[in-house]
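Notes to accompany the following structure.
Just follow the structure's listing: the first ligand is 1, and inside any ligand the first atom is 1. Side-chain atoms are counted along with the backbone in the values below, which use heavy atoms only and exclude waters and symmetry mates.
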Amino acid sequence: MSTSRRGFLRGLVGAGAGAAAAGLPGCAPDISPAPVLDAQKESDGTVILQVARYPDLTKEGGAVTLRVPGEQPLLVMHTAEKGANEYKVVSAICTHSGCPLGFQDGEAICPCHLSRFSTDGKVTQAPAKAPLTKYEASFDGVLLTIDFAAGEEGFPSVQNGKIFFPFSSFPELQTAGGRVQGVPEGYGKLIFVFALEGGAYAAVDSLCTHQQCPVSYDESAGDLLCPCHNSRFTKTGDVTRGPDPSGAITIGPLKKFTATSDATGVTLTIS
Ligand code: FES
Ligand code: FES
């Protein structure tokens, strides 16, 4: 496993991060990258790690970058807390410009321009503005379980491959321009649902197709913006601006969900 910062950055997320690493400030401290660990999801959407097998996780202050097929890389941190909260898990890609994060002095730190994040993903030092995505994790003293399917309380969950948004609970979807966003239980990632003109609906996933940073809704422009390299997407998920102004890098649309409505609400088909 490489201990070189620039080598690590290139290896984890490709040329984009390598270019960012090339612009590291000369005076930046040598922040140790979290070593990479590959794992597979169980059928219930969890990843289970036997902590004793990974020296970087057994020691307090240690961390790994967890790669799971189809998911954004995660930073798994062994904090000073005890018990089930001993481990915290957040997305491993800095929301400023897409560099992979390290863990030092109890915070996630970006080696590129030194943004810092709490172990809950909140920004504690700019230039990053957007928080990291936080993941549910529990530890029983032996096994660490990371839940990729956990949802937000009060947000509809996936039932038989569908999510239903009743108008009685989500009246904003009855007006063109209305929007609902949240993390459904059973899907585990932020989604957006938009009420369009003419009674149509659009629903998209939040993971940018460039390097999996989460996009957010830009009120002023009325579209979705990726904070990592400024890609933009319409409410229907189509790309209007890629990560490279020269157009040399092309990316695909956001993942789209079929959305239908009746007199009672809006239904998304997730699978
Ligand atoms: S990429 Fe700039 S602070 Fe992380
Ligand atoms: S991750 Fe690069 S533009 Fe979104």
Side-chain angles (χ1 to χ4, degrees), residues 4-34 63 65 67-68 70-75 77 90-105 107-119 121-134 181 189-192 204-218 221 223-256:
S4 147
R5 256 192 305 168
R6 287 169 175 81
F8 170 78
L9 296 172
R10 279 192 296 272
L12 184 59
V13 291
L24 287 170
C27 58
D30 192 16
I31 295 162
S32 300
T65 303
R67 292 193 305 197
V68 176
E71 302 287 347
Q72 61 180 332
L74 304 187
L75 185 66
M77 301 165 280
V90 295
S91 48
I93 304 299
C94 178
T95 56
H96 173 232
S97 196
C99 284
L101 300 169
F103 183 51
Q104 202 171 80
D105 301 329
E107 290 193 303
I109 304 179
C110 178
C112 285
H113 314 103
L114 305 183
S115 286
R116 287 175 174 260
F117 303 85
S118 71
T119 54
K122 296 188 181 74
V123 178
T124 58
Q125 181 169 294
K129 293 182 188 153
L132 303 172
T133 305
K134 184 184 165 198
Q181 65 181 69
K189 290 187 278 290
L190 178 67
I191 65 167
F192 299 90
V204 293
D205 183 270
S206 60
L207 281 192
C208 176
T209 51
H210 178 220
Q211 286 176 358
Q212 280 70 53
C213 286
V215 301
S216 55
Y217 184 66
D218 182 346
D223 65 5
L224 294 158
L225 170 66
C226 177
C228 285
H229 311 102
N230 296 322
S231 288
R232 282 189 178 272
F233 303 85
T234 65
K235 291 174 179 174
T236 55
D238 295 323
V239 182
T240 54
R241 187 173 77 190
D244 177 3
S246 74
I249 302 173
T250 56
I251 60 173
L254 298 175
K255 182 175 179 180
K256 306 177 185 194

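Residue contacts to atom 4 (Fe) of ligand 1: His113 brings no N, O or S atom closer than 2.8 Å. Here Cys94 reaches atom 4 (Fe) of ligand 1: one of its N/O/S atoms is less than 2.8 Å from the metal.
Near Ser97, with a cut-off below 4.0 Å to any heavy atom, the atoms of ligand 1 are 1 (S). Within ligand 1, counting atoms from 1 as listed, the ones closer than 4.0 Å to a heavy atom of Cys110 are 1 (S), 3 (S), 4 (Fe). Interface atoms of ligand 1 facing His96, defined by a heavy-atom separation under 4.0 Å, are 1 (S), 2 (Fe), 3 (S), 4 (Fe).
The option from Ser115, Cys99, Ala126 that lies nearest to atom 3 (S) of ligand 1, judged by heavy atoms, is Ser115.
Shown are the protein N/O/S atoms under 2.8 Å from atom 2 (Fe) of ligand 2, given by residue and atom: His210 ND1, His229 ND1.
Counting only residues at least two apart or on different chains, the salt bridge (Lys or Arg N to Asp or Glu O under 4.0 Å) pairs with a member in residues 233-242 are Asp238-Lys256.
Summarising the geometry, atom CG belonging to Leu75 is positioned 10.0 Å from atom OG1 belonging to Thr119; distances are rounded to the nearest 0.5 Å. Rounded to the nearest 0.5 angstrom, Leu74 CG and Leu132 CG are separated by 10.5 Å. One finds the CD atom of Gln104 at 7.0 Å from the CZ atom of Arg116 (value rounded to the nearest 0.5 Å). To the nearest 0.5 Å, atoms CZ (Phe117) and CG (Leu101) are separated by 5.5 Å.
Of the possible polar contacts, one joining the Ser91 side chain to the Thr133 backbone as a donor-acceptor pair under 3.5 Å is found. When atom types are taken as modelled, the side chain of Thr240 and the backbone of Thr234 share no donor-acceptor pair closer than 3.5 angstrom.
Of the two cysteines examined, Cys226 and Cys213, the SG atoms fail the criterion of being under 2.5 Å apart.
Remark: the Glu107 side chain and the Ser118 side chain contain no N/O donor-acceptor pair separated by less than 3.5 Å.
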